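Working notes for the structure below.
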Amino acid sequence: MDALGALLTGPRARGAFLLRSVFDPPWAIRLQDEAPLTVLTMVRGEGWIVPDHRPAVRLGPGDLAIVRGPEPYQVADHPARTPQVVIHPGQVSTDPTGGELCEELHQGVRMWGERPDAEHVLVSGTYQMPGEVTERLLRTLPTVVLLTAEEWRSPLLPLLAEELARDEPGQQVVLDRLLDLLLISALRTWLSRSAAEAPAWYRAHGDPLVGPALQLLHSDPGRSWTVARLAAEVGASRAALARRFTELVGEPPMAYLTGWRLALAADLLTGPDATLASVARQVGYGSAFALSAAFKRVRGVSPADHRTLSQAEPAR
């Protein structure tokens, strides 16, 4: 699997929170739900995404935005609007004083707001648990990724809007998979279009020397790699590969490999049947102890604690 393919296999929605929010101007919603990732699109009207410490981003009709959490932000019809609604962890909605609004704003199947035919319609899809989106994907993204309707069109957007109104057996699974596909399609477009914002390893894939080396590390992370062995595989000297790799990727080959192995391990550990020993074998560590020591040294938590945090249900 290439690096982009490995990156995009990450999204795995499980009971994602999908909703049509319907409001007449003026309106403003503050999101402090601590969700790792949210996809937003304006079906009707326009809105603004206002992170707490970054510039506001306009969201026009048909535009799609990917917002990386868990920091709070606001979505509104105007960037200076005072929020009327606050969304908390577990998708609990209140007014700014803490009074609950969930029942008051309920408008039907996955619809929430003032009235069904409101002037503005915002569709949102929220990955609620950290394990649903890989850490390596989240580290790749800026706070807000924007794809405008003019530069990116997808048949998935109208299909998602249509499916949101359905309430049939298995509907949540359908919506989860649609959200995954929408996110993957949007990310692939953004990465190919926005080379300046893409991570260094992604840009380095175009290099005739470093690109093949990265491909080998990503496709076979469990192999007993050394810089010399990697250099021999790509037909370069050890010194030349080490110098070029560090220059383009920002770290030496073996440091990058360690990070990649531990990122894979972090994802694999969220699987229900994964054991530390089996994960260690898959990512190139000789024993569960060796993986545990490296994991805690680099990531600051033990594999067991990471698994517990990743699989914990969001607060209700």
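Only heavy atoms go into these numbers, but all of them, side chains included; no hydrogens, no water, no symmetry mates. Just so you know, these numbers come straight off a predicted model, no measurement behind them.
In this structure, Ala266 and His306 approach most closely via the heavy-atom pair O-NE2, 2.9 Å. A pairwise comparison of heavy atoms in Asp207 and Pro212 identifies O-CD, 3.5 Å as the closest pair.
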Evaluate side-chain contact (heavy atoms from CB on, under 4.5 Å) for Leu141 paired with Trp190, printing each intermediate quantity in order. CA-CA 10 Å; Leu141 301 176; Trp190 175 74; 3.9 Å; yes
Is there a side chain to side chain donor-acceptor pair (under 3.5 Å) between Asp305 and Ser302 once you walk through the steps? CA-CA 5 Å; Asp305 288 342; Ser302 70; 3.3 Å; yes
For His120 and Trp27, what are the C-alpha separation, side-chain angles and deciding distance, and is it a side chain to side chain donor-acceptor pair (under 3.5 Å)? CA-CA 9 Å; His120 290 181; Trp27 60 271; 2.8 Å; yes
Please determine whether side-chain contact (heavy atoms from CB on, under 4.5 Å) holds for the pair Arg203 and Leu248, giving the CA-CA distance in whole Å, both sets of side-chain angles, and the decisive distance to 0.1 Å. CA-CA 8 Å; Arg203 299 193 300 271; Leu248 294 184; over 6 Å; no
Test side-chain contact (heavy atoms from CB on, under 4.5 Å) applied to Glu233 and Gln215, step by step: CA-CA 11 Å; Glu233 289 279 354; Gln215 178 75 23; over 6 Å; no
Intermediate values then yes/no, side chain to side chain donor-acceptor pair (under 3.5 Å), His88 and Thr94: CA-CA 8 Å; His88 303 273; Thr94 71; 2.9 Å; yes
Starting from the C-alpha separation in whole Å, work towards a yes-or-no answer on side-chain contact (heavy atoms from CB on, under 4.5 Å) for Arg307 and Val279. CA-CA 12 Å; Arg307 187 201 298 267; Val279 171; over 6 Å; no
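Panel note: side chain Arg299, backbone Val301; no donor-acceptor pair is recorded below 3.5 Å. In this structure a side-chain-to-backbone donor-acceptor pair under 3.5 Å is present from Arg229 to Ser224. Side-chain N or O atoms of Arg261 include one that pairs as donor or acceptor with a backbone N or O of Val283 at under 3.5 Å. With Gln128 contributing its side chain and Asp33 its backbone, the two residues share no donor-acceptor pair below 3.5 Å. Of the possible donor and acceptor atoms, one in the side chain of Arg44 sits under 3.5 Å from a partner among the backbone N and O of Ala118. Here the side chain of Asp77 pairs no donor or acceptor atom with the backbone of Pro25 at under 3.5 angstrom. Judged purely by atom type and a 3.5 angstrom limit, Asp63 uses its side chain to pair as donor or acceptor with the backbone of Ala149. In terms of modelled atom types and a separation under 3.5 Å, the side chain of Gln172 and the main chain of Phe17 share no donor-acceptor contact. In this structure a side-chain-to-backbone donor-acceptor pair under 3.5 Å is present from Thr246 to Ala242.
With values rounded to the nearest 0.5 angstrom, Leu257 atom CG is found 10.0 Å from Glu251 atom CD. Taking CE from Met254 and OG1 from Thr226, the interatomic distance works out to 6.5 Å, rounded to the nearest 0.5 Å. Rounding to the nearest 0.5 angstrom, the gap separating the CG atom in Leu147 from the OG atom in Ser185 is 8.5 Å. How far CD1 of Ile66 is from CG of Leu182: 8.0 Å, rounded to the nearest 0.5 Å. Atom-to-atom distance recorded for Leu214:CG and Leu209:CG is 10.0 Å, nearest 0.5 angstrom.
Cluster annotation: Val173 is not connected to Leu183 through the hydrophobic network of ILVMFWY side chains, with a link wherever side-chain heavy atoms come within less than 4.5 Å. Hydrophobic clustering of Ile, Leu, Val, Met, Phe, Trp and Tyr side chains at less than 4.5 Å, counting indirect connections, unites Val298 with Leu217. Residues Leu19 and Val86 fall into different hydrophobic clusters, defined by Ile, Leu, Val, Met, Phe, Trp and Tyr side chains chained together at heavy-atom separations under 4.5 Å. Transitive grouping of hydrophobic side chains (ILVMFWY, heavy atoms separated by less than 4.5 Å) brings Trp152 and Leu159 into a common cluster.
Note: Trp112 and Phe23 meet the aromatic proximity criterion, with ring centroids under 6.0 Å apart. Aromatic pair His53/Tyr73: ring centres not closer than 6.0 Å.
A heavy-atom distance below 4.5 Å is not found between the side chains of Val22 and Pro116. In this structure the side chain of Phe295 reaches within 4.5 angstrom of the side chain of Leu269, judged on heavy atoms.
For the side chain to side chain donor-acceptor pair (under 3.5 Å) with Gln171, the lone residue among Arg166, Arg110, Glu163 that qualifies is Glu163. Looking at Leu164, Leu122, Val123 one by one, the single match for side-chain contact (heavy atoms from CB on, under 4.5 Å) with Val43 turns out to be Val123.
Heavy-atom neighbours of Arg81 CZ from other residues, nucleotides or ligands within 6.0 Å: above the threshold of 12.
For the pair Arg223 and Trp225, the cation-pi criterion (under 6.0 Å, within 45° of the ring axis) is fulfilled.
A salt bridge between Asp180 and Arg14 is absent, with no side-chain N of the basic residue lying under 4.0 Å from a carboxylate O of the acidic one.
In the hydrophobic clustering (ILVMFWY side chains linked at under 4.5 Å, chained through shared members), Val50 is joined by Trp48.
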